[in-house]
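These notes concern the structure reproduced below.
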Amino acid sequence: MTAQIDVASGAAALSLDDVRKLYVAHAPSLRLTLQRLAGPGIDADDLVQEVFVVALRKSGDLAAAASPVAWLFGVATKVAATRRRSATWKRWLGLDDAKELANAESPARTLEQKQASAFVQRALTPLSSAKRDVFVLFELQGLTGEETAQALDIPLKTVWTRLFYARREFAAEVQRLEELEHAGGAR
Amino acid sequence: MNATTQRPWREGADEAQHHRAAELISRAHEIAPRPMDVGAGWDAVLKRATKPRTSGRLLLFAGALAMLVGVVGTAAVLRSRQPLVVAARGAQWEKREDGAVQLQAGRIQTARAVSLRVESPQVTMFARDARFAAEVISEGTRVSVFEGSVMVRSGQGVERTLGPGESGLWPATPVIPEALTPSAPSSIGFPTASPQGALSNCSDTECFERSAAGEGVEAEVALFELARREPARSIELWRSSLTRFPGGVFEPEVRLSLLVALTRERKFGEALEEARRFEQEQGEDPRVEEVRALRTQLEWLTTKR
């Protein structure tokens with residue numbers, strides 16, 4: 001099986017077991033991040049598998065990365081973006097399969113957390129991909145600025161700029177959604 | 001993880017707005033990921049990784065390309081099987097060894113846009129990527145173009161090109177000299193308006209019919225006037241006049257009127273005979289030069305290529 005997997009692309013390449021360890025350690029949080037990046041209705045389990053298939057095939061790149069975790073999240077943003085685009089096309093063509101998907105969040109979350117998560121997901125929708133990626137990795141996933149820059153392959157200054165605008169837009173959208181809810185409740 | 005580099009969250013003008021957003025983020029950030037069956041998940045990753053690498057886009061593109069090739073190929077095959085020329089019942093035509101189509105009678109139509117040469121007794125048609133119809137009728141050859149262009153060459157090398165939606169009839173109607181188109185009989189001195197004659201009171205066809213049935217100049221004039229009023233019967237009535245009143249006072253006018261009517265009806269052979277007769281018998285008539293000009297046109301129109 002390993003003969004067909006491009007894990008031995010160089011001396012510094014990670015072994016299969018190394019990649020497996022990364023999977024065990026980070027797959028659940030990657031799944032949660034992928035769900036937030038790709039939006040509702042996307043099979044996050046499938047995306048996690050896709051991320052690690054890339055990791056296996058490019059294990060040399062993964063080994064060379066300053067932060068393997070940031071590298072994985074970088075792949076995750078690309079995978080999520082691709083899936084978002086194809087989902088848009090599928091919806092446009094009427095091919096969207098509305099299957100029931102398991103939430104990537106812990107079932108033990110409180111009602112308040114659940115509501116906050118759903119609200120955050122809605123408020124993220126109008127953000128551009130570039131700003132959403134920075135916002136999700138930094139604010140929700142907890143990556144450092146440097147890790148976010150590495151994951152997205154952008155300069156650190158760009159991270160801060162995007163984060164600044166993302167926060168502002170996110171806050172404005174939160175206020176707009178809450179006003180809408182209050183107006184609906186008042187009627 | 002980001003404690004060392006995180007910038008202040010509440011840095012906007014509207015602190016309350018940012019405070020609420022930060023609060024929501026904080027709540028969402030606290031949520032732990034759902035636990036996974038990492039064993040099964042890893043197996044699934046390995047299974048996918050060992051599959052041959054195929055690009056969904058590539059497959060989609062290949063599929064679309066194959067479909068396109070299929071559609072184009074099928075269309076080409078169907079197109080090649082389609083007959084080139086469709087003939088109406090009764091049409092007499094043949095495809096010659098040189099590739100040209102010889103049309104003797106009836107109607108043919110090309111089934112699609114083609115480059116083709118078609119010859120009829122009157123004209124040669126050169127079609128260039130054209131869908132068109134050609135019909136040989138008693139008056140000549142009618143050509144109608146639906147798409148593309150057809151150059152039509154008639155006798156004496158005269159050419160005309162027809163475009164989409166255009167049609168034409170060959171040979172073309174010759175130009176009739178103005179002097180040969182008589183105006184109202186009264187204006188050229190016919191005694192139809194004679195106050196003494198019975199015709200002075202005639203205002204309808206029935207009256208002229210009655211008068212024409214009589215004898216003498218009055219009947220001859222009435223018959224002439226009747227022929228003018230009844231275009232559908234004019235040729236027949238003028239021939240009757242020539243038979244009933246040979247050498248009559250109005251014979252030159254009747255012959256000219258008959259010549260013009262025959263020409264307009266595209267009965268070029270009969271018109272040519274009439275023109276020749278006029279030149280022989282009415283050589284002193286001041287309009288003989290115009291008749292000669294018309295006769296020349298009629299001669300080349302009736303000349304076989």
Side-chain angles (χ1 to χ4, degrees), chain A residues 1-2 4-5 16 19-20 23-24 27-33 36 45 48-50 52-53 55-57 86 102-110 112-117 119-121 123 138-148 156 160 163-164 167-168 170-175 178, chain B residues 1-68 70-71:
Chain A
M1 185 182 286
T2 53
Q4 292 183 50
I5 299 168
L16 193 60
V19 181
R20 185 182 175 280
Y23 180 85
V24 172
S29 59
L30 264 171
R31 184 170 65 166
L32 183 56
T33 303
R36 286 167 173 162
D45 282 321
V48 172
Q49 289 176 18
E50 211 169 313
F52 279 92
V53 168
L56 284 171
R57 286 179 177 155
S86 65
N103 197 308
E105 294 175 347
S106 166
R109 64 196 189 281
T110 64
E112 194 184 10
Q113 287 173 331
K114 189 178 172 182
Q115 286 171 342
S117 175
F119 211 90
V120 165
Q121 197 65 54
F138 188 88
E139 298 288 2
L140 294 170
Q141 182 52 37
L143 263 60
T144 64
E146 288 79 5
E147 284 173 329
T148 305
L156 182 60
W160 299 136
L163 187 63
F164 171 78
R167 282 170 169 173
R168 200 163 70 173
F170 179 80
E173 184 63 12
V174 165
Q175 189 179 29
E178 289 196 325
Chain B
M1 195 184 281
N2 59 5
T4 55
T5 51
Q6 187 173 11
R7 296 285 179 87
W9 169 239
R10 278 175 264 165
E11 57 189 8
D14 188 344
E15 194 169 313
Q17 187 188 51
H18 282 252
H19 179 77
R20 174 65 183 138
E23 192 183 322
L24 282 169
I25 286 295
S26 174
R27 290 281 170 276
H29 182 65
E30 288 167 3
I31 299 172
R34 176 189 285 268
M36 285 177 70
D37 181 355
V38 288
W42 181 245
D43 286 346
V45 170
L46 291 178
K47 196 174 172 185
R48 276 177 75 163
T50 51
K51 276 186 185 171
R53 297 176 71 172
T54 52
S55 163
R57 279 186 188 174
L58 192 64
L59 284 175
L60 191 67
F61 176 74
L65 190 66
M67 196 179 288
L68 184 68
V71 168

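Here is the naming used below: chain letters follow the sequence lines, and residue numbers restart at 1 for every chain. Given the structure is predicted, the values throughout are model-derived calculations rather than measurements.
Under the rule for a salt bridge (charged side-chain N to carboxylate O under 4.0 Å, His left out), A:Arg20 has no partner lying at least two apart in sequence or in another chain. Judged as a salt bridge (charged side-chain N to carboxylate O under 4.0 Å, His left out), and not counting sequence neighbours, the contacts of A:Glu50 are A:Arg83, B:Arg48.
Ring-plane geometry between B:Trp42 and A:Tyr23 is classed as tilted, the angle between the planes lying from 30 to 60 degrees on a 0 to 90 degree scale.
Rounded to the nearest 0.5 angstrom, A:Phe170 CZ and B:Leu24 CG are separated by 6.0 Å. Taken to the nearest 0.5 Å, the CZ atom of B:Arg20 stands 11.0 Å off from the CD atom of A:Gln175. Rounded to the nearest 0.5 Å, atoms NZ (B:Lys47) and CD (A:Gln49) are 10.0 Å apart.
Summarising the geometry of B:Pro33 relative to A:Pro28, their closest heavy-atom pair is CB-O, 3.4 Å, with the distance given to 0.1 Å. Smallest separation of non-hydrogen atoms from A:Arg57 and B:Ala49: NH2-O, 3.2 Å. When all heavy atoms are compared, the tightest approach of B:Ala28 to A:Val120 is CB-CG2, 4.0 Å.
Checked by atom type and distance alone, the side chain of A:Arg167 never pairs as donor or acceptor with a backbone atom of B:Ala21 at under 3.5 Å.
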**Item:** Verdict with supporting geometry, A:Val48 and B:Val45, side chain to side chain contact (heavy atoms under 4.5 Å, CB included)
**Value:** CA-CA 9 Å; A:Val48 172; B:Val45 170; 5.9 Å; no

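Only the side chain of A:Val174 comes within contact range of chain B, with heavy atoms under 4.5 Å apart.
Within the 4.5 Å cutoff, the side chain of B:Ile31 has no heavy atoms near those of the A:Leu140 side chain.
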